[in-house]
Visitor: 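Pasting in a structure now, in structure tokens, and then I'll have a few things to ask.
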Amino acid sequence: MKAGVAAALLTHYDRHARALPWRVPPGSAERPDPYRVWLSEVMLQQTTVAAVIPYFAAFTTRWPTVTALASAEDAEVMAAWAGLGYYARARNLLACARVVAGQHGGRFPDTEEGLRALPGIGGYTAAAIAAIAFSRRAVVVDANVERVVSRLFAIEAPLPTSRPAIRDATDAITPERRAGDFAQAMMDLGSSLCLPRNPQCLLCPLRESCAAHLEGRAEAYPVKPPKKDKPHRLGRVWWLERADGYVWIERREAKRMLGGMTGLPTSAWDKRDSDKRSPSKPEPPLAGEWTALNQPVDHVFTHFRLTLTVERLRVTDARPEGAGQWWPLARIGEAGLPTLFAKVARAVMEGGDD
DNA sequence: AATCCGTGGAA
DNA sequence: TTTCCAAGGAT
């Protein structure tokens with residue numbers, strides 16, 4: 001059954017593999033470029049293919065090699081990543097590029113262990129790069145593989161408890177050759193047929209081997225724990241505009257929310273209904289007659305929802321407190337603002353005169 | 001081990 | 001509208 005699953009899947013993949021910008025067609029004599037494989041894998045962490053494609057194109061055009069990327073300025077790379085989310089990835093991406101360029105002669109390590117030691121490369125990504133770029137046999141387990149394997153073996157234990165069993169089962173069906181194609185085939189299967197909801201079992205090349213399908217309840221797997229509801233936080237954001245067409249933006253500290261990115265000054269983001277004993281009163285970057293926009297800006301993060309009241313002040317000249325810079329409004333799209341602050345900018349531009 | 005970290009598309 | 005969740009990693 002083991003060899004049968006891999007063989008059936010690879011045959012299906014040879015015919016149905018998605019054409020993706022970072023992928024070499026199965027059977028091609030061409031070897032994938034490790035830089036492009038790495039870049040795509042990092043971008044694809046918790047991120048959809050559709051969202052990644054334009055960013056991958058922009059990055060590879062602007063920085064065609066890992067050495068070129070390593071030479072880029074931090075602010076350039078962070079701005080190029082703006083909107084893609086999980087900004088620690090961009091910080092680690094640059095750190096990784098600099099290690100590869102500076103300590104490995106511009107070549108990526110070709111083993112899982114060597115890759116795993118690099119910033120931003122964890123167990124999944126190390127296995128994926130080793131298999132796809134270096135033809136190593138590696139056991140590649142992502143969320144797609146977890147779903148497919150949970151169904152193939154009808155694994156009853158809920159995630160994340162089932163992870164070791166899923167890993168062992170994946171190991172058991174991973175072929176000695178073409179492990180990279182096998183991994184990509186599993187991910188294609190998970191994204192096109194073996195879907196979280198409404199899996200297309202009748203079209204699946206593995207249906208005869210799939211315990212969940214034979215039970216008639218593929219959609220029941222993987223079993224997941226109930227999720228917690230998101231708390232709601234509130235805060236203020238300050239839009240400080242100079243009469244000659246500039247807005248005050250800051251560089252956010254690394255290691256916190258949206259770390260390393262540009263942003264607008266904000267208050268702390270407090271939990272709703274919580275402590276009146278708020279430690280610090282919200283202080284705008286400049287004293288003055290701030291006026292609030294009628295419409296607040298709502299944004300949803302992974303683990304909380306945020307509502308920001310937008311306060312606005314126009315000045316003729318000022319030197320606000322803190323580190324920041326005046327940015328030309330005409331080029332606000334190039335400021336590298338993450339989506340939260342891009343929303344604020346849009347709200348001000350569109351409804352700013354109330 | 002559990003928590004933190006973004007975003008947008010699909011249903 | 002709400003809910004789900006996507007090629008996870010770091011701490």
Side-chain angles (χ1 to χ4, degrees), chain A residues 17-18 20-23 32 36-56 78 81-93 95-96 115-133 138-148 159-161 163-164 167 170 180-192 194-199 219 222 224-231 233 252-261 263 269 298-306 336-343:
Chain A
R18 287 180 292 176
L20 297 171
W22 46 85
R23 184 180 276 184
R36 294 166 65 89
V37 173
W38 162 72
L39 180 62
S40 69
E41 288 299 341
V42 173
M43 287 184 165
L44 286 162
Q45 289 165 4
Q46 296 288 287
T47 308
T48 57
V49 166
V52 164
I53 284 175
Y55 284 84
F56 181 82
M78 300 309 289
W81 197 277
L84 196 55
Y86 283 140
Y87 298 102
R89 291 185 296 172
R91 288 183 257 127
N92 287 328
L93 186 83
C96 181
L115 291 160
R116 180 68 181 78
L118 294 167
I121 299 185
Y124 160 76
T125 304
I129 298 172
I132 296 168
V139 181
V140 181
V141 184
D142 74 324
N144 288 299
V145 175
E146 285 183 349
R147 185 169 59 255
V148 171
L159 289 169
T161 307
R163 290 236 160 88
R167 208 272 180 191
T170 307
D181 283 347
F182 177 77
Q184 294 177 91
M186 291 284 274
M187 296 189 264
D188 277 16
L189 189 70
S191 68
S192 59
C194 196
L195 303 167
R197 289 167 291 189
N198 301 314
E219 193 167 343
K224 292 188 173 181
K227 54 193 51 172
K228 307 167 183 176
D229 44 345
K230 296 176 195 279
R233 298 188 193 178
R252 297 174 61 80
E253 282 177 41
K255 300 202 167 186
R256 64 167 171 150
M257 198 73 170
L258 310 176
M261 303 298 290
W269 303 341
D298 279 294
H299 194 67
V300 180
F301 293 108
T302 305
H303 55 293
F304 64 92
R305 191 160 71 85
L306 177 65
L337 295 174
T339 299
L340 168 66
F341 296 114
K343 279 187 186 177

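Every chain is numbered from 1, with letters handed out A, B, ... down the list of sequences.
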Visitor: Taking side-chain contact (heavy atoms from CB on, under 4.5 Å) as the test, write out the residues that go with A:Ala128, two or more places apart.
Guide: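 Result, side-chain contact (heavy atoms from CB on, under 4.5 Å) vs A:Ala128: A:Glu41, A:Tyr124, A:Ile132, A:Val140.
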Visitor: Between the side chain of A:Lys343 and the main-chain N/O of A:Asp298, is any donor-acceptor distance below 3.5 Å?
Guide: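 Judged by distance alone, yes, a pair lies under 3.5 Å.
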Visitor: What is the separation between atom CG on A:Leu258 and atom C1' on B:dT7, rounded to the nearest whole Å?
Guide: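 It is 11 Å, rounded to the nearest whole Å.
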Visitor: Just the rounded figure in Å: distance from P of B:dG6 to CZ of A:Phe341.
Guide: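 That distance rounds to 11 Å.
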Visitor: Does A:Phe301 have any side-chain contact (heavy atoms from CB on, under 4.5 Å) partners at least two apart in sequence or in another chain, and if so, which?
Guide: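 Expected list: A:Met257, A:Leu258, A:Trp269, A:His299, A:Phe304, A:Leu306, A:Leu340.
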Visitor: Answer with base, sugar-phosphate or nothing: what part of the nucleic acid does A:Met43 contact at a heavy-atom distance below 4.0 Å?
Guide: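 Nothing, no heavy atom under 4.0 Å.
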Visitor: A:Trp81 CH2 to B:dG6 P: how many Å, rounded?
Guide: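 Checked: the CH2 to P distance equals 12 Å.
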Visitor: Remember a base hit wins even if backbone is also touched, and classify A:Val300 as base, sugar-phosphate or nothing at under 4.0 Å, heavy atoms.
Guide: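 Counting heavy atoms under 4.0 Å across all strands, the contact made by A:Val300 includes a base.
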Visitor: Looking for any heavy atom pair under 4.0 Å, which part of the strands does A:Gly83 touch: base, sugar-phosphate only, or nothing?
Guide: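 If one applies the 4.0 Å heavy-atom cut-off, A:Gly83 turns out to touch the sugar-phosphate alone, with no base involved.
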Visitor: Reading DNA chain B from 5' onward, which residue's closest nucleotide shows up sooner: A:Leu337 or A:Lys228?
Guide: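 Looking at DNA chain B, the more 5' nearest nucleotide goes with A:Lys228.
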Visitor: Where each residue is assigned the nucleotide of DNA chain B containing its nearest heavy atom, which of A:Ala88 and A:Ala50 is assigned the position nearer the 5′ end?
Guide: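 Per heavy-atom nearest nucleotide, the more 5' residue is A:Ala88.
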Visitor: Take A:Trp81 and A:Tyr55, measure what ring pair (Phe, Tyr, Trp, His ring centres under 6.0 Å) needs, and give me the verdict at the end.
Guide: CA-CA 7 Å; A:Trp81 197 277; A:Tyr55 284 84; 7.2 Å; no
Visitor: B:dC4 P sits how many Å from A:Leu306 CG, rounded?
Guide: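 Taking atom P of B:dC4 as the reference, CG of A:Leu306 is at 15 Å.
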Visitor: Looking only at side chains, do A:Asn92 and A:Arg89 share a donor and an acceptor under 3.5 Å apart?
Guide: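 The answer is no; no qualifying pair exists.
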Visitor: What string of B, S and - do you get for nucleotides 3-11 of chain C, 5' to 3', if B is base contact, S is sugar-phosphate-only contact and - is no contact with any protein heavy atom under 4.0 Å?
Guide: -SSBBBSS-
Visitor: Give me the distance, rounded to whole Å, that separates C:dA7 from B:dT3 when you measure between the P atoms they each carry.
Guide: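 The answer is 24 Å between these two P atoms.
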Visitor: In whole Å, measure the gap between the P atoms of B:dG8 and C:dG9 for me.
Guide: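 Taking atom P in both B:dG8 and C:dG9, they lie 22 Å apart.
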Visitor: Go through the side-chain N and O atoms of A:Arg23 and A:Gln184 and say whether any donor and acceptor fall under 3.5 Å apart.
Guide: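 Present: a donor and an acceptor within the cut-off.
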Visitor: Pick base, sugar-phosphate or nothing for A:Lys343, based on heavy-atom distances below 4.0 Å to the nucleic acid.
Guide: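 The answer is nothing, as A:Lys343 stays clear of every strand by at least 4.0 Å.
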Visitor: Rounded to whole Å, how long is the line connecting atom CG of A:Leu195 with atom P of B:dA11?
Guide: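 From A:Leu195 CG to B:dA11 P: 9 Å.
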Visitor: I'd like to know whether CD of A:Glu219 has more than 12 heavy-atom contacts from other residues, nucleotides or ligands below 6.0 angstrom.
Guide: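 Yes, enclosed.
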Visitor: Looking at B:dT3, I'd like to know if its phosphate oxygens (OP1 or OP2) sit under 4.0 Å from a side-chain N or O belonging to A:His303.
Guide: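 The answer is no; no side-chain N or O of A:His303 sits under 4.0 Å from OP1 or OP2.
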Visitor: Using a heavy-atom cut-off of under 4.0 Å over every strand shown, decide if A:Leu340 touches base, sugar-phosphate, or nothing.
Guide: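 The answer is sugar-phosphate, as A:Leu340 gets under 4.0 Å only of primed atoms, P, OP1 or OP2.
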Visitor: Tell me the interatomic distance from A:Phe301, atom CZ, to B:dC5, atom P, rounded to whole angstroms.
Guide: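 Value for this atom pair: 9 Å.
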